[in-house]
Structure formats: C-alpha cells, structure tokens
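Note that the structure is a prediction, hence the values are computed from the model and not measured. All residue numbers refer to positions in the sequence shown, counting from 1.
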Amino acid sequence: MNSDTLFALNENMQDKEYCIVSYYVELPYHVDPYEKAKNMAVGQTIGTWLPVPGITEEMRRHHMGKIINVFDLSPDDLVEVEETNWKNYIFQIAYPVVNFENSIPLLLTTILGNDASTSVKAKIIDLSIPEELAHQFPGPAYGIEGIRRLCGVEERPMLLNMIKPCIGFSPEEGAKIFYETALGGIDFIKDDELLGNPAFCPLKERVREYTRAAEVAFEITGKKTIYIPNITDHIDRLLENAKNAVEAGAEVLMVNFSAVGLGALQMLREHISTPIMGHYAGTGPFYEGARSGIASNIILGKFPRMLGADIVMMNTPYGGYPLKKTKYIRTAHELTLPIYGIKPTLPSCGGGVNPGIVHQLVQDLGTDIMLAPGGAIQGHPMGARAGVKAMLDAVDAEMSGKTLEEAAADSPELEDSKGMWTK
C-alpha cells in the first residue's frame, strides 16, 4: 500500500471532502500507535485489521480513511525511560464523506461505532466537518435572532421555566401552574422532559389549556409567554405529535434528541418550520467516559446545531454536576460561533440556575443565552410569580451594572430569594 494512500498531511486535506476526527487514545507503552491508527482508518472504512480479498487500489484511494497525525502527548521527542506502562496519544483520522454523505447515523457509525472491531478504546475530542457536507444538514430555522423576534426580547438574556412538579397532573392542573408563572412576565415555559403524551395529560389537550392560560395572562400583563411542549416519543409518532401540537397553538416544540436520536432531530427539522428546542437528557453516557464516547461539546453543540435545533438545553459547572468549565464554554462556542453561514443556536443554561448565578453566566457566555431556572421560580417563598420577578430583577441588575444586593433593596421578590443564592 502506498504511503500517500493511508497517510496525508493536514495541509493537503484542507477543503477536501473528509471529516477529520481527533481521538484521545491510551495504549500500553510497547504498542505501536501507528499500527492502532492504521487499524482504525482501515477498519472503520473499507475493511478490518486483517487483510480481506476484494479490496482494490481505487477503493483505498476513494473510501479508506487517512491518518493525518499521531500526537504523542509526552512533550519530549526522545525515547526515555517511562515511569508508567501507558502512553497517551491523539489520533487524527480523516474519513471520506462519500462513505456516509448526509446520514448522521452512518456518520456516527463510521467515526464512533466500529472501535470494537479495530481493538481500540478511543474518545472523540474534536470533529471537523467540511462546508459542503455541513450545508447538506438543515441547520437552525430561526436561530438566536429569530427566537428573540418570537418572544420580543431584544438584548437581555431570555428567561425559561419548566412546569414543576414534572408529571402526575392533568392539563387543567398544569395550566393553573402555567398561568401563575406567566403572570410574572416570563418569556417561555416548557414541559419537563419527563412529560410526553400520557393518558393523564394528553399533549394536544395540554397545549390547548396552556395556550388559553397564556392568553389570559397576556390580557393582564401585556407580556406574551410562549409555551414549549415536549413532543418526544417513538420516532413513528414524532411528526404526528409535532403537527398536533402546532394545530393546538404551539409556537415552539421540544424534543429530547438524545432519546429519539440525532437523525430524528434532523428529520423533524426537514419536515416542520416551527422552532425546535433540543433537550439533552440522557447524553451523559456519550461523554462521561474518559476513554470512550464523544466529547460533550460535539454531542450537545455541533451536532444539534447542524441538524436543526434553534435552542439547546445545556448544563453548566455551577449546579452540582461535575462538568468541566472548558467543556461548557466550548459547547456554547459550538452553538454560537460563526461557521459556514449557519445560523447560531441559542444556548439554554439549566441545572441550579437562580438569581445568584446570573452574573456568572452572562460573564461566561454573554447575553445571547436563555436562563432556565426551575425550582428557583416554582419554589420561591412568595410563589412562582414572585420567582419570575426575582429572576427578571437579577437580569435587570446585571444589564444595568448593579449588584444583587443593590437590586434586592428595591425588590422584595429578590430579597426573599436570598436563601437560594447566598448559600
């Protein structure tokens, strides 16, 4: 096999139709990393690590993966006595787009799903998608600007709450919680991800009841609150759920892309024009492993944006979950930074959000975010309406350069929430 068939320099791969994947790999000290990288490049494209008949030179040139680089993470270039029996590497391998085209299931199978047959444990830490392929995916329909226009919020962070308790109530009971929360002037209220289309709280009936509650609250406050119903379900029912929800009055839809699959998110975006909020529940097994899986910024950022989510729920390091700050920042970058003219996706920050964390989130990510407090609103001592007021006052304080203590002096609702943000 010619060297230029299996290997390539990074400069020669620019603007070529390849996805370039970077893997973190740990190998025993005596194992040749180039042989392992070769097993992956060949085994995840045209064959296995054993030679098989029928492979032609043309097949190798057009369909086989290429090794771009093998980075030895030891900083030295000389062989020295190692104190450990293991060495750490980054493999960069390019996979021809012609093998999977715009099929996200086949792309995932190629870059992630065949490790066992190539005898390598590896974690994907970076993925570069060429422009032509990126534009074959639908991308967000609305993006950040479109979501701002929808809710009428021009500059400040947007505010989202989720109905609590999560499940176990009727549409009418849920609508009462919705109404009380909407009276506080919140921008969006969504279902909890645990509530789908159960018999005790059917989706279509729920949308009708919540939409009525939103309209009544609007008559009092003059503020439009948008309901985001959860349409997550068996893939055969997703489009029907979307259609029923929109017919009943929904203006934004939520789907758990981890549970239904990234391909299902792409399918929804290609068939509906309504804004989509992507929820991340259950993505942990993709990225929590140190030596396998795929980095959180790719599974929560790059993929849902490419496949059409206008809003993506994401975690932060501040709510008790041990997420690295670097990963949280990078996820927001994958969602929002310019790439090939694709609209940016709005990051929605959840997990322990309360008035006391508003400053930190804005400092980290800017104002093009959606803050998603749950218990800080529904568990406010003065009720959900006051919980919304406390959050909005915290946001206003941040936008005007005030401290929370200064704002609380003029806000009983913020003052009464101190137990949540002074612990």
Which atom of [X] lies closest to which atom of [Y], heavy atoms considered:
X: Leu133; Y: Cys19; result: CD2-SG, 3.6 Å
X: Leu323; Y: Asn315; result: CD2-O, 3.7 Å
X: Leu268; Y: Ala242; result: CD2-CB, 4.4 Å

Pairing residues for Glu251 by the salt bridge (charged side-chain N to carboxylate O under 4.0 Å, His left out) criterion, not counting sequence neighbours: Lys224

Lys327: partners by salt bridge (charged side-chain N to carboxylate O under 4.0 Å, His left out), with sequence neighbours left out: none

Determine whether Glu172 and Lys176 satisfy the following criterion, salt bridge (charged side-chain N to carboxylate O under 4.0 Å, His left out), listing intermediate values before the conclusion. CA-CA 7 Å; Glu172 293 78 12; Lys176 292 177 183 177; over 6 Å; no

Could you tell me which residues satisfy side-chain contact (heavy atoms from CB on, under 4.5 Å) with Ser411, sequence neighbours excluded, listed by chain and number? Lys389, Asp393, Glu413, Leu414

Residues in side-chain contact (heavy atoms from CB on, under 4.5 Å) with Ser128, at least two apart? Ile20

For Asp364 and Gln360, run side chain to side chain donor-acceptor pair (under 3.5 Å): C-alpha distance rounded to whole Å, both residues' side-chain angles, the deciding distance at 0.1 Å, then the answer. CA-CA 6 Å; Asp364 290 346; Gln360 184 66 61; 2.9 Å; yes

Verify, without hydrogens or angle tests, whether Asp310 (side chain) and Tyr142 (backbone) share a donor-acceptor contact under 3.5 angstrom. yes

Could you please spell out the steps behind the salt bridge (charged side-chain N to carboxylate O under 4.0 Å, His left out) verdict for Arg208 and Glu205? CA-CA 5 Å; Arg208 289 195 183 110; Glu205 185 179 343; over 6 Å; no

List for me each residue that meets ring pair (Phe, Tyr, Trp, His ring centres under 6.0 Å) alongside Phe178, sequence neighbours excluded, and say none if there are none. Tyr210, Tyr227

Tyr280: ring pair (Phe, Tyr, Trp, His ring centres under 6.0 Å) partners, not counting sequence neighbours: none

